[in-house]
2 protein chains.
Amino acid sequence: MASIKDVAAAAGVSVATVSRVLNDHPSVSPDARARVLGAVESLGYRPNAVARSLRTHQTRTLGLVISDVLNPYFTELARSVEEEARALGYSVIIGNADEQPEIQDHHVRTLIDRRIDGLLVSPTDGGSPLMLEAARAGTPMVFVDRWIPGVDVPVVRSDGRAAVRDLVAHLHALGHRRLAIIAGPAATTTGSERVEAFREALAAYGIALPDAYIGQGDFQAESGRRATERFLALPEPPEVVFAADNLMALGALDAIRAAGLRVPHDIGLAAFDDIPWFVHTDPPVTAIAQPTKELGRAAVRALIDRIEGRPPQSVTLPARLVVRRSCGEPEPPSPTATPTPTATPTATTSTRRNP
Amino acid sequence: MASIKDVAAAAGVSVATVSRVLNDHPSVSPDARARVLGAVESLGYRPNAVARSLRTHQTRTLGLVISDVLNPYFTELARSVEEEARALGYSVIIGNADEQPEIQDHHVRTLIDRRIDGLLVSPTDGGSPLMLEAARAGTPMVFVDRWIPGVDVPVVRSDGRAAVRDLVAHLHALGHRRLAIIAGPAATTTGSERVEAFREALAAYGIALPDAYIGQGDFQAESGRRATERFLALPEPPEVVFAADNLMALGALDAIRAAGLRVPHDIGLAAFDDIPWFVHTDPPVTAIAQPTKELGRAAVRALIDRIEGRPPQSVTLPARLVVRRSCGEPEPPSPTATPTPTATPTATTSTRRNP
DNA sequence: ATCCTCCGTGTAATCGATTCCATGACGGTT
DNA sequence: AACCGTCATGGAATCGATTACACGGAGGAT
């Protein structure tokens, strides 16, 4: 593979001049520039990014460590991150932690070893020493979706509190009172926050959230199945199960089907994180949708701000409730009108901006 | 960030010795080794992968360029690729082409600029000049899933021919005769092959595949929707639509629902590529499942063989039909027996190994 | 005509590792 | 005692770029 020396030789100039042409430095004569460009063309020369990075101390690369690639939510996030990064002249290297802290650490370590310019993380746990150390050492970092409390790193995430309130209002209006949740790992912020939001929303209706109605999941399908089986085996099973992510909802659906029950007739189901497939499941699943694309974009911008020396900003975007049929039929189908919410806290399907 | 010089200074040895310790070269005294290791530890030193790559001409990194991250099939492939690569001591950088040749080329170019050791590609098109050039220039390369004919690069893929025959047998047994397909782009091998396999399987039953029953898609949901709308508008719409990938099947489902029709009552649906969600759609979708995980593993092994100087091998694994309910009820539910295929070509749901 | 400035260019240092080669110490043979 | 091979070690070249610095020539100001 041709190097800058070959180009210099072919163009009859020094490597310095070649480099100047390539980085369009002003003081290069038109003649030299033309000869260099010609040589570049005919040799098919491409600068070696490795050598360049060594010298310049920057790779124009971002690392993105996500909790689970098989989760459509993260996949969409990854896509939007890559898109925005590409638009701003950066590449991104994705690391999939598979919800395992050791794998997450492995990725963080290799990414830092490769001297990526900055790191986007959706932490699987409460914060490994490695990550804390990296943050303290000054690696530009931004948390997306999940974060680690007490670490001074900007967070880009969505706030589901209002949407969870809307969801509970919706369920209450349908007459449901025994409401259960499949939580994510308590070590993750999204794992504990969603339970708290749910509990608070329930409290507004004087409904308690007993321990038996809190299933412990790990954001993966299998755990949703197990938690749901346990709910179903209860003397008084819940009327609705709210899964804290879409994969656990899938597992719940499995368990419900395996038990020979039907949604929403025998039991209702709702999920955090909306995905295209929820429109087509049997029945369509009521879900809380995050503005995933915007989240990805905002995260990249925050990180690049940080990298390029501008002050980065934390961003919180609202999530919204999307009502479908998995918790029961919403209203007697009134042929004309928009569904009118009752006097409960705002139950709405519309997007909210600037909460 | 500490460099090898800092370590050398702290340990009171030369950088050469530090390097020897780190790459466990035999001739280092136990004493020197201990001092170096101590210094490494106390400085939190990590070798700079960029500098190392520059010197050694290897990055221990693989590039993976896939056609669409939002497609669960590719997502699963990517995951298995990364897993196997990690097990073998390599990292992988994923590039998402979004089915657009220019983006694909962008990724191939940046990956080569970073001097990845090898490239795994599932080409979006019939072969851009860039890719051809890269192959000819000797970049270690392996095609996964899709490939470019006439290029001397190993291919790891699955053969759906038998499964498509099984599918047609299944449809025929259910009494369906008007069968349509939503094809992928003709420029991709999977785009054209699946149509051919379908046409041949149909021919075995004396059924033709008229042009009106071939929808032109691009492997994305939206195109599946449009193609299906066109089918439904036909004077004699098909009885079953076979989508050449799962995303187009999703689009088809959208279109069918929008038209107020029901699957399989009004129209049947089958898809290439099975995914967990197909179990829970309304109705569960009959699909052809690829051994995705094995494909990913085999591709990585082939590529690393090529990189490390062993002769790489093309691999073809069989796909298999998974019958669900989207094309009609399979059999009158006979309480005991396994469903007995009629005298048609083998209709089976079992996994086949070594075809 | 002299001097200064600016411009285009080349030489060489540098980034952080690996590795070839030279060197000196040590131990074993003869 | 002389010689030789082995081993641990350090010096320095190298990978392929960027960039500070030096230098010569051209042009403008005086």
Side-chain angles (χ1 to χ4, degrees), chain A residues 1-40 43-61 89 109-117 137, chain B residues 1-40 43-61 89 109-117 137:
Chain A
M1 201 162 267
S3 85
I4 196 172
K5 278 190 200 153
D6 304 315
V7 177
V13 297
S14 74
V15 295
T17 300
V18 176
S19 177
R20 287 192 191 98
V21 171
L22 264 28
N23 297 284
D24 38 35
H25 183 100
S27 60
V28 178
S29 68
D31 174 58
R33 159 165 282 116
R35 293 214 314 281
V36 167
L37 259 18
V40 164
L43 291 172
Y45 168 76
R46 300 244 77 215
N48 182 329
V50 174
R52 186 197 299 246
S53 293
L54 177 60
R55 184 60 234 253
T56 60
H57 299 283
Q58 48 159 337
T59 50
R60 292 199 78 80
T61 301
R109 179 157 293 135
T110 24
L111 289 169
I112 292 179
D113 285 354
R114 314 189 147 203
R115 303 298 191 264
I116 43 130
D117 294 342
Chain B
M1 199 161 270
S3 85
I4 196 171
K5 277 190 200 153
D6 304 317
V7 176
V13 297
S14 73
V15 294
T17 299
V18 175
S19 177
R20 286 193 193 98
V21 171
L22 263 28
N23 296 284
D24 38 35
H25 183 100
S27 58
V28 178
S29 68
D31 174 58
R33 158 164 283 115
R35 293 213 315 280
V36 168
L37 259 18
V40 164
L43 291 172
Y45 168 74
R46 298 244 77 213
N48 181 328
V50 174
R52 187 196 298 246
S53 293
L54 178 60
R55 183 60 234 251
T56 60
H57 299 283
Q58 47 160 338
T59 48
R60 292 200 77 80
T61 301
R109 179 156 294 135
T110 23
L111 289 169
I112 292 180
D113 285 354
R114 311 187 149 209
R115 302 298 191 265
I116 44 129
D117 293 342

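Chain A is the first sequence line, chain B the second, and so forth, proteins listed ahead of strands; every chain is numbered from 1. Bear in mind the structure is a predicted one, so any value in this text is a computation, not a measurement.
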Between N or O atoms, less than 3.5 Å apart, protein on one side and nucleotides 22-28 of chain C on the other: list the pairs.
none

Angle separating the five-pair end axes of the helix from C:dA1-D:dT30 to C:dT30-D:dA1, nearest 10°, is 60°

How far does [atom1] of [X] sit from [atom2] of [Y], to the nearest 0.5 angstrom?
X	Y	atom1	atom2	result
A:Thr59	A:Ile116	OG1	CD1	7.0 Å
A:His57	B:Asn48	NE2	CG	9.0 Å
A:Ser53	A:Arg114	OG	CZ	11.0 Å
B:Arg115	B:Gln58	CZ	CD	14.5 Å
B:Thr110	A:Arg46	OG1	CZ	9.0 Å
B:Ser3	B:Leu43	OG	CG	9.5 Å

Could you tell me the separation between the [atom1] atom of [X] and the [atom2] atom of [N], rounded to a whole number of Å?
X	N	atom1	atom2	answer
A:Arg55	C:dA13	CZ	C1'	8 Å
B:Lys5	C:dA13	NZ	P	13 Å
B:Asp24	C:dT19	CG	C1'	16 Å

For A:Ile112 and B:Met1, the nearest pair of non-hydrogen atoms, with its separation, is CG2-CE, 4.2 Å

Heavy-atom nearest pair, B:Ile4 first then B:Tyr45, reads N-CE1, 3.6 Å

Whether B:Arg52 contacts C:dT18 is assessed here as follows: a side-chain N or O lying under 4.0 Å from the phosphate OP1 or OP2. Is that the case? yes

Outermost contacting nts on DNA chain D, any atom under 4.0 Å from chain B heavy atoms, listed 5' then 3', are D:dA8 to D:dG16

In residues 16-24 of chain A, what donor-acceptor pairs under 3.5 Å come from side-chain atoms, sequence neighbours left out?
from	atom 1	to	atom 2	distance (Å)
A:Ser19	OG	A:Asn23	ND2	3.3
A:Asn23	ND2	A:Ser19	O	2.7

Stepwise side-chain contact (heavy atoms from CB on, under 4.5 Å) test for A:Asp113 and B:Arg52 | CA-CA 10 Å; A:Asp113 285 354; B:Arg52 187 196 298 246; over 6 Å; no

Contacts of A:Ala11 meeting side chain to side chain contact (heavy atoms under 4.5 Å, CB included) (sequence neighbours excluded), chain-then-number -> A:Val13, A:Arg35, A:Val36, A:Ala39

| query | B:Ser19 near the nucleic acid: base, sugar-phosphate alone, or nothing, with a heavy-atom cut-off under 4.0 Å? | reply | base

Expected rows: protein N/O vs nucleotides 7-10 of chain C N/O, under 3.5 Å:
from	atom 1	to	atom 2	distance (Å)
C:dT9	OP1	A:Ser29	OG	2.7
C:dT9	OP2	A:Ser29	N	2.7
C:dT9	OP2	A:Ser29	OG	3.1
C:dG10	OP2	A:Ser14	N	2.8
C:dG10	OP2	A:Ser14	OG	3.0
C:dG10	OP2	A:Thr17	OG1	2.7
C:dG10	O6	A:Arg20	NH2	2.4

